[in-house]
Amino acid sequence: MDEKLQAYYEARFSMMATDGWKDLIEDAQAMFDALNNVLPIQNESELNLKKGQLDILQWILSLKGSSEQSYEQLMSGDSANGS
């Protein structure tokens, strides 16, 4: 893995280890839980808005896991290539 990409992942993981990140994830999860309800939706426009909101929140909630998975794949790829 090149040094710039390594630094990118190290900075991301450093950010995700902070109390602020943990607070953000708790708030995002609470928002996701509150929005993840179809009963109040009255039309297609509201459905599309809610879907967009949930998509963004899901991305935030899954960012740490997907970053770890990508990093591990990159590291195992480097190992397999002898880098």
Item to check | ring-ring contact (aromatic ring centres under 6.0 Å, His included): pairs with one or both residues in residues 34-75, sequence neighbours excluded | outcome: Tyr9-Tyr71, Phe13-Tyr71
Next on the checklist: Closer than 3.5 angstrom, by distance alone: can the side chain of Ser70 be matched with the main-chain N or O of Ser67 as a donor-acceptor pair?
Outcome noted: no
Checklist entry - Between atom CG of Leu74 and atom CD of Gln69, what is the distance when rounded to the nearest 0.5 Å? => result 11.0 Å
Item to check | Common cluster, Met31/Leu47, ILVMFWY with side-chain heavy-atom separation under 4.5 Å | outcome: no
Item to check | Exercise: identify the closest heavy-atom pair between Met15 and Thr18 | outcome: O-OG1, 2.8 Å
Checklist entry - Going from CD1 on Ile56 to CG on Leu35, what distance comes out if it is rounded to the nearest 0.5 angstrom? => result 12.5 Å
Checklist entry - In the single-linkage hydrophobic clustering (I, L, V, M, F, W, Y; side-chain heavy atoms under 4.5 Å), do Leu54 and Leu49 co-cluster? => result no
Checklist entry - Side chains of Glu68 and Arg12: closer than 4.5 Å at any heavy-atom pair? => result no
Next on the checklist: Using only atom types and a distance under 3.5 Å, with no angle test, would you say the side chain of Lys50 pairs donor to acceptor with the backbone of Asn37?
Outcome noted: yes
Checklist entry - Closest heavy-atom contact between Leu24 and Ile60? => result CD2-CG2, 4.5 Å
Checklist entry - In Å, rounded to the nearest 0.5 Å, how long is the span from CD of Glu10 to CG of Leu5? => result 10.0 Å
Next on the checklist: Let me confirm one number: the CG-CE distance from Leu63 to Met16, rounded to the nearest 0.5 Å.
Outcome noted: 3.5 Å
Next on the checklist: Side-chain heavy atoms nearer than 4.5 Å, only ILVMFWY residues, links allowed to pass through others: does that put Ile41 and Leu57 together?
Outcome noted: no
Checklist outcome for this item: side chain to side chain donor-acceptor pair (under 3.5 Å) test vs Asp55 passes for just one of Lys51, Gln53, Gln58, namely Lys51
